[in-house]
Asks: 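First, the structure itself, so that you have it in front of you.
Both counts, for ligands and for their atoms, begin at 1 and track the order of listing.
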Amino acid sequence: MRSLIDILELTTQEIDELIDKANDIIANPAKYSEKCRGKKLATLFFEPSTRTRLSFEAAMYELGGNVLGFSEAQSSSSAKGESVADTIRTVSCYADIIAMRHPKEGAPLVATMKSRVPIINAGDGGHNHPTQTLTDLLTIKRKKGRLNNFTIGFCGDLKFGRTVHSLIGALSRYENIKIILISPDELRVPEYIKEEVLDKKNIEYREVSSLDEVMPELDILYMTRVQKERFFNEADYLRLKDSYILTPEKLFSAKADLSILHPLPRVNEISVAVDDDPRACYFDQVLNGKYVRMALIMKLLGVR
Ligand code: NCD
């Protein structure tokens, strides 16, 4: 039985297969409409979510399966003091696979030790978010036709942004990826990612604080929200929240074939005036997320 807690648990070949499968689902959706008939997905969301939870649920429905679960900790027995371990033991009696989001880093990993069914990490605190990474990779592949040979700028909250951490890990496996980390000093990528991923894999990267300065170099710009819920004090959040705001004017110096990604939700960091720019891909990501989750659910359930 296999879970997905960290994107690096998948080999590059497996990631490429999931992307190919998602592309096949997009091309032939009817072929997949009965693949999970009789199977149940539980979505256990101890933290807010729109896209991740609903795309998991839509994915299971489109595979012919069913869904149960909760969308806030307050409506589960966790509000009575139940441990994650006991919740998981319980839910794994009722479901065939579990997608779980939790504010504590490592909670989905702990869940795998108590579960009788596969666990998918749908975001654990400021740590990882592997299924967003699959979404991002599918989007990049569909836009650029490749997952190698490009320069990507990650901009915003690189400290708490779990989607950034997972995507850096995945991209470190592909050829000739250059990474530019654009953030205020306080929101830089954690040291462990620099040491264990970027340095170990010899990835060419640099850290800057100005987006304008690097814009002309970028093939992909990955914008992120400042993660309000991870801050210890509000004053710091207020000071940092509008560090970067992408506007049409800022894109004057960008490449014509730039791809602008954002895992969403967006707050202020991308002006709505950018949405109509053909380089904006963040609503494509939303749709791609459903297809790649369909591919992942099938893989972890062993459905061919
Ligand atoms: C992200 C998350 O939850 O980490 N959202 C998502 O899953 N698409 C990004 C964020 O909340 O800023």
Side-chain angles (χ1 to χ4, degrees), residues 4-7 22 41 43-59 69-73 98-109 119-140 152-170 181-184 187 189-190 193 220-231 236-237 240-246 259-270 275 280-294 296-297:
L4 179 64
I5 304 304
D6 185 317
I7 191 71
L41 164 77
T43 51
L44 310 186
F45 278 63
F46 296 86
E47 249 194 3
S49 169
T50 299
R51 277 148 293 269
T52 304
R53 184 173 63 84
L54 296 183
S55 68
F56 263 115
E57 298 189 355
F70 52 81
S71 56
E72 50 178 346
I98 296 172
M100 171 186 176
R101 169 171 288 187
H102 200 281
K104 285 213 174 87
E105 285 85 5
L109 179 64
I119 302 282
I120 302 173
N121 178 5
D124 63 325
H127 189 215
N128 279 330
H129 194 345
T131 63
Q132 181 64 43
T133 297
L134 294 172
T135 302
D136 301 337
L137 295 173
L138 174 62
T139 306
I140 295 171
I152 179 168
F154 288 95
C155 179
D157 187 347
L158 311 188
K159 179 179 182 188
F160 298 117
R162 56 194 174 195
T163 67
V164 171
H165 305 161
S166 294
L167 184 54
I168 289 177
L181 302 168
I182 308 148
S183 75
L187 298 179
V189 158
I193 291 181
I220 298 169
L221 171 58
Y222 194 98
M223 293 295 295
T224 62
R225 170 180 73 91
V226 176
Q227 306 279 297
K228 180 180 185 190
E229 64 274 37
R230 315 264 178 248
F231 278 71
D236 286 345
Y237 170 70
L240 294 166
K241 74 183 172 66
D242 292 326
S243 299
Y244 303 96
I245 300 178
L246 188 65
S259 296
I260 305 163
L261 275 70
H262 190 308
L264 304 180
R266 139 180 75 183
V267 185
N268 263 337
E269 59 280 358
I270 302 182
D275 297 358
C281 303
Y282 30 94
F283 290 107
D284 300 315
Q285 282 168 278
V286 172
L287 184 58
N288 290 337
K290 180 181 69 178
Y291 296 116
V292 88
R293 289 182 174 102
M294 289 171 76
L296 179 67
I297 290 169

Asks: Below a 4.0 angstrom heavy-atom separation, can you tell me which part of T163, side chain or backbone, both or neither, approaches ligand 1?
Replies: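 Within the 4.0 Å criterion, T163 contacts ligand 1 through side-chain atoms alone.
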Asks: For atom 8 (N) of ligand 1, what's the nearest protein heavy atom and its distance?
Replies: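 Of every protein heavy atom, P263 O, 2.9 Å lies nearest to atom 8 (N) of ligand 1.
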Asks: Assess whether a salt bridge exists between D157 and R162, defined as any Lys/Arg side-chain N lying under 4.0 Å from an Asp/Glu carboxylate O.
Replies: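 A salt bridge is absent here (no side-chain N lies under 4.0 Å from a carboxylate O).
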Asks: With a 4.0 Å cut-off on heavy atoms, is P265 in contact with ligand 1?
Replies: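 Distance cut 4.0 Å: P265 passes for ligand 1.
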Asks: Of all the heavy atoms in E47, does at least one lie under 4.0 Å from an atom in ligand 1?
Replies: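 Not so, E47 does not reach ligand 1.
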Asks: Does either side chain, that of Y282 or that of T139, offer a donor lying less than 3.5 Å from an acceptor on the other one?
Replies: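 No, because no side-chain N or O of Y282 sits under 3.5 Å from a partner of the opposite role on T139.
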Asks: Taking side chain as C-beta onward, heavy atoms only, is R101 less than 4.5 Å from F46?
Replies: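 When only atoms from C-beta onward are counted, F46 and R101 do not touch, as no gap falls below 4.5 Å.
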Asks: Under 3.5 Å, N or O to N or O, is Q132 touching ligand 1 that way?
Replies: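 Checking ligand 1 against Q132, an N or O pair does fall under 3.5 Å apart.
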Asks: Just wondering, do I297 and F56 contact through their side chains at under 4.5 Å, heavy atoms?
Replies: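 Yes, close enough: below the 4.5 Å cut-off.
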Asks: Tell me: protein heavy atom nearest atom 4 (O) of ligand 1, and distance?
Replies: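 I find the closest protein heavy atom is R162 NE, 2.7 Å.
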Asks: Could you go through F45 and T52, starting from their C-alpha distance and side-chain angles, then the distance that decides it, and tell me whether this counts as side-chain contact (heavy atoms from CB on, under 4.5 Å)?
Replies: CA-CA 10 Å; F45 278 63; T52 304; 4.1 Å; yes
Asks: Suppose we measure from atom 5 (N) of ligand 1 to each protein heavy atom; which comes out shortest, and what is that distance?
Replies: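 Atom 5 (N) of ligand 1 sits closest to the protein heavy atom L264 O, 2.9 Å.
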Asks: Looking only at protein heavy atoms, identify the closest one to atom 11 (O) of ligand 1 and say how far it is in Å.
Replies: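 Checking every protein heavy atom, the shortest distance to atom 11 (O) of ligand 1 gives R225 NH2, 2.8 Å.
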Asks: What about R51: any of its N or O atoms under 3.5 Å from an N or O on ligand 1?
Replies: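 No; every N/O pair is 3.5 Å or more apart.
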Asks: As an exercise, state the distance from CG of L221 to CG of L261, rounded to the nearest 0.5 Å.
Replies: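 Interatomic distance, L221 CG to L261 CG, rounded to 0.5 Å: 8.5 Å.
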Asks: Compute whether any side-chain donor of one residue and acceptor of the other, for R225 and H262, lie under 3.5 angstrom apart.
Replies: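 Judged by distance alone, the side chains do not pair up.
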